[in-house]
Amino acid sequence: MIDGFSAQLSFLLVEAILCLVLTPLYAVSNDPLRVRKSVVILLNLTCGTMLLCEFLFYVYKGSQTPFDVAVMYIVNAAVYYLISMLLVFYTMLVYHRLFGRFDFKKDMPCKNRMLAVLALVTVETVLITVSQFTGIFYSFDKNNVYQRGPLFWLAMAIPTVGLVLVATVIIEHREKTTLAQRLVLLSYLILPMAGEAFQICFFGSSLMNIFMGFSVLLMFFENVIHKEKEIVKATKTKVRTGLANEHACIEWLNSMKGNDELKKYSAVFIDLRNFSSVNRIYGVKNGNRILASFGNIMHSRIEKDEIMGRQFGNLFVAIVKDRNLDDLLNTLKGIEVPFKDCETGAENKITLSARMGVYDIDRSDLDGEDILVLAGQALTVAKSKDTDDIVWLTQELLDSITDHKRLENDIKAGLKNGEFLPYYQPKVNLKTGELCGTEALSRWIHDGKVISPGIFIPIMEANDTIRLLDLHILKCVCEDIADWLAQGIKSPVISVNFSRRNLADPKLANKIDAVVRTSNIPKELIEIEVTETMDEFSISTLREFVDELHQLGYKVSIDDFGSASSSLTLLREIDFDTLKIDKGFVDHDKKKDLAILSYIVRLAREIDTDIVAEGVEQKNQIDMLDRLGVIVIQGYFYDKPLPKEQMTERLKSPKY
Ligand code: C2E
Ligand code: CA
Ligand code: CA
């Protein structure tokens with residue numbers, strides 16, 4: 001007859017042995033999802049050890065010899081610690097199953113719950129340690145019999161809360177698992193709880209750990225069975241296109257890490273050109289169909305051991321063998337994509353072309369993520385130049401990317417350290433021959449050199465620090481004006497450039513006003529200059545900004561007028577105080593330019609807008625502008641942009 005106690009012991013031992021013996025077998029097997037495989041192995045080994053300790057605890061229970069007592073102390077503490085560790089590995093496994101990753105990056109899904117579980121485990125571990133000296137969780141009485149301590153419930157409650165947190169993650173993201181997988185994962189909460197309930201009724205027989213082991217074994221088998229299927233599933237996650245997602249691509253690359261075969265591949269980032277116009281012309285729904293159809297075509301073209309994935313939107317990634325690379329690149333120069341119009345049901349087709357960044361993989365020791373980053377950098381370069389459709393990652397390119405990054409960091413530091421200053425370029429009134437205004441133009445004083453905006457403005461516009469720069473320059477200008485006024489020097493109106501990137505900030509007008517007010521200078525001395533260039537901001541956004549500035553009492557001028565295609569619309573929609581004619585009209589002496597220029601001047605006069613000609617370098621240009629009736633001139637002919645000290649001298653004798 002086998003009694004309950006021996007049955008329990010046998011269960012513990014069998015489970016422990018299963019966990020410990022099966023693990024190495026799985027370890028040597030081939031599973032492409034390597035990180036998750038390691039987590040499963042850790043989970044299994046920890047569980048096996050825990051069960052073995054539990055087994056030993058029962059074997060030595062009640063025994064009195066010093067050796068037996070010592071073993072009992074050790075294995076019992078071990079059971080507690082290992083259960084905590086199991087919670088960590090379990091959480092990792094769940095996150096890997098659901099999201100393919102477990103890390104502390106900002107975009108980690110359900111990160112707060114993950115952190116909460118880790119915090120709980122830390123608290124539990126500390127308390128177990130404290131319990132060794134205080135007996136708060138458990139102690140051994142004088143007969144060396146295990147006794148629950150006053151906080152034993154807490155020892156149970158803490159991991160349970162952790163398990164419940166993880167369960168909410170599993171349930172929230174249930175679409176990522178099949179019902180069976182979900183039940184297997186949740187069994188780690190459900191089974192031990194059932195075991196615990198049983199244990200409360202039949203005190204003494206510890207079913208909880210046996211059930212825990214059972215659940216771990218279930219998870220183990222589920223992983224072994226699904227290891228191949230899983231990658232197929234992962235590659236299917238971009239439902240719309242049926243392609244792999246980024247994560248699957250990374251996993252695939254990681255599975256090849258260290259294998260020389262990898263060097264025979266290239267990673268290609270693919271950006272479908274003008275996809276926003278496709279969406280505009282055909283509608284977003286058709287746009288999605290086109291992407292799906294494109295995905296299908298690409299998928300059917302690649303070989304079995306190549307991978308084609310979709311990053312997001314119209315961004316794709318392909319990892320193909322070098323020998324197939326040329327084919328792929330050629331195909332993507334112009335590929336015909338059929339689709340069924342979702343409105344009319346008609347069969348339609350469209351020709352798409354792509355810009356591509358190519359990294360011909362030349363080492364096998366890189367992580368998948370790094371490989372994609374390198375191909376992505378090449379694509380960024382391809383996108384920034386309109387000339388090349390395909391950019392290959394080379395050492396030269398990498399160096400220039402590094403230089404660019406360094407410059408970007410230097411600029412950021414320069415902003416903090418006050419290395420950016422306004423220079424002032426005078427505007428001169430032709431009638432009086434006197435200085436009648438100035439434009440503030442920023443300069444970067446770095447390493448003893450004066451650096452022009454051509455170097456730093458494009459970078460700052462790209463990373464949005466331009467918004468900090470513009471407000472900073474405004475502040476400097478206000479301080480300089482206050483300084484001049486304090487010295488009794490008359491200050492002209494000073495125009496300050498505001499990049500259109502600023503339009504993203506709805507509070508901009510108020511911020512400008514706040515800066516000017518703080519400096520206590522008359523508002524009339526500040527004019528805000530915005531450029532005409534077309535970008536993602538609508539005319540109405542610009543109009544609202546200009547209207548607000550007007551209400552606050554500032555003048556606004558439009559810069560580089562005539563350089564974009566929307567000039568007339570802008571003039572019709574928005575009331576500018578001043579119109580600055582684009583340099584191009586002044587320094588070309590083609591007949592057509594002259595005709596347009598004279599037209600612009602008359603137009604400005606008709607709609608009561610002041611006009612400034614800039615970029616004026618020669619006497620004959622001045623004569624021509626004078627004939628056309630332009631009165632205010634800015635240009636090297638009079639002055640280059642001047643540092644504050646020279647400008648102060650100019651202001652003291654403003655006659656030219
Ligand atoms: P912009 O606003 O059109 O400024 C006029 C540019 O033409 C200035 O170049 C000026 O130095 C230059 N210039 C003036 N007269 C002549 C001339 O006679 N001949 C020639 N060839 N050039 C002349 P700069 O200072 O290099 O600034 C370039 C651009 O950078 C500016 O063009 C403006 O768009 C931008 N920028 C400068 N400072 C700032 C700033 O603080 N914020 C923003 N957002 N943009 C700025
Ligand atoms: Ca300007
Ligand atoms: Ca300009």
Side-chain angles (χ1 to χ4, degrees), residues 411 414-415 418-428 435 437-445 449-480 493-505 508 511-512 515 526-533 535 537 542 545 555-564 576-588 610-622 624-625 630 632-644 646-647 656:
I411 290 175
L415 257 180
E419 291 173 9
F420 289 86
L421 295 176
Y423 270 38
Y424 297 95
Q425 187 176 35
K427 296 173 192 171
V428 177
L435 185 148
T438 1
E439 176 174 10
L441 292 157
S442 55
R443 294 292 180 268
W444 179 22
I445 317 297
K449 285 187 293 244
V450 180
I451 301 172
S452 285
I455 306 284
F456 55 84
I457 299 262
I459 295 176
M460 297 180 95
E461 292 208 314
N463 66 18
D464 241 18
T465 42
I466 189 76
R467 290 154 65 175
L468 301 175
L469 175 74
D470 288 345
L471 281 172
H472 167 74
I473 293 292
L474 175 69
K475 186 164 156 266
C476 297
V477 167
C478 292
E479 284 165 5
D480 288 350
V493 174
I494 300 187
S495 43
V496 181
N497 290 287
F498 271 81
S499 158
R500 297 195 27 152
R501 308 264 2 125
N502 283 288
L503 293 178
D505 181 357
L508 179 62
K511 284 184 186 166
I512 291 177
V515 171
I526 296 293
E527 181 177 58
I528 303 299
E529 221 167 278
V530 281
T531 45
E532 195 202 30
T533 34
D535 51 24
F537 299 107
L542 181 59
F545 174 57
K555 290 217 163 77
V556 186
S557 72
I558 175 144
D559 204 357
D560 302 342
F561 184 78
S563 64
F576 292 101
D577 303 281
T578 310
L579 194 152
K580 288 186 91 168
I581 307 170
D582 187 46
K583 260 205 293 288
F585 290 108
V586 180
D587 53 29
H588 289 152
D610 292 337
I611 200 155
V612 175
E614 70 177 335
V616 181
E617 295 179 355
Q618 284 146 13
K619 182 73 174 79
N620 63 341
Q621 291 172 329
I622 301 225
M624 180 263 292
L625 290 163
V630 179
V632 182
I633 307 282
Q634 176 187 348
Y636 291 175
F637 181 78
Y638 292 110
D639 267 318
K640 291 202 164 172
L642 308 171
K644 186 187 172 194
Q646 287 181 32
M647 188 62 196
Y656 280 83

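In each ligand, atom 1 is the first atom listed, and ligand 1 is the first ligand listed.
Atoms of ligand 1 lying under 4.0 Å from any heavy atom of Asp560, numbered from 1 in the order shown and given with element: 3 (O). Close approach of ligand 1 to Asp559 (heavy-atom distance below 4.0 Å) involves ligand atoms 1 (P), 2 (O), 3 (O). With ligand atoms numbered from 1 in the order given, ligand 1 contributes 11 (O) to contacts under 4.0 Å with heavy atoms of Pro641. For ligand 1, the atoms lying closer than 4.0 Å to a non-hydrogen atom of Ile473 are 41 (O). Atoms of ligand 1 found under 4.0 Å from any heavy atom of Glu617, numbered from 1 in the order shown, are 17 (C), 18 (O), 19 (N), 20 (C), 21 (N). Using a 4.0 Å cut-off to heavy atoms of Ile457, the atoms of ligand 1 that qualify are 36 (N), 39 (C), 43 (C), 45 (N), 46 (C). Interface of Glu439 with ligand 1, defined as ligand atoms under 4.0 Å from a residue heavy atom, comprises 2 (O), 4 (O).
Neither the backbone nor the side chain of Gln621 has any atom closer than 4.0 Å to an atom of ligand 1 (non-hydrogen atoms only).
Within a 6.0 Å radius of CG in Leu468, other residues, nucleotides and ligands contribute more than 12 heavy atoms.
Distances shorter than 4.0 angstrom occur between a heavy atom of Arg443 and an atom of ligand 1. Using a 4.0 Å heavy-atom cutoff, Arg501 is absent from the residues neighbouring ligand 1.
Metal site remark for the Ca ion (ligand 2): Asp560 contributes no N, O or S atom at a distance under 3.0 Å.
An N or O contact shorter than 3.5 Å is missing between Thr531 and ligand 1 by distance. Between Gln634 and ligand 1, no pair of N/O atoms sits closer than 3.5 Å. Considering backbone and side-chain atoms alike, Ser442 places an N or O below 3.5 Å from some N or O of ligand 1.
Residues Phe420 and Leu415 come closest through the heavy atom pair CE1-N, 3.7 Å.
Evaluation of the salt bridge (Lys or Arg N to Asp or Glu O under 4.0 Å) rule for Glu617 yields no partner, not counting sequence neighbours. Arg443 is linked by a salt bridge (Lys or Arg N to Asp or Glu O under 4.0 Å) to nothing, counting only residues two or more places apart in sequence or in another chain.
For atom 24 (P) of ligand 1, the nearest non-hydrogen atom from the set Pro453, Gly454, Gly615 comes from Pro453.
Glu529 has its closest N, O or S atom to the Ca ion (ligand 2) at the position named OE2. The Ca ion (ligand 2) lies closest to atom OD2 when only the N/O/S atoms of Asp559 are considered.
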_If you apply the rule side chain to side chain donor-acceptor pair (under 3.5 Å), what do you find for Asp639 with Tyr424, and how did you get there?_
CA-CA 9 Å; Asp639 267 318; Tyr424 297 95; over 6 Å; no
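A salt bridge links Lys580 to Glu614: at least one charged side-chain nitrogen sits closer than 4.0 Å to a carboxylate oxygen.
Vertex the Ca ion (ligand 2), arms ending at OD1 of Asn497 and OE2 of Glu439: the angle is 90° after rounding to 10 degrees.
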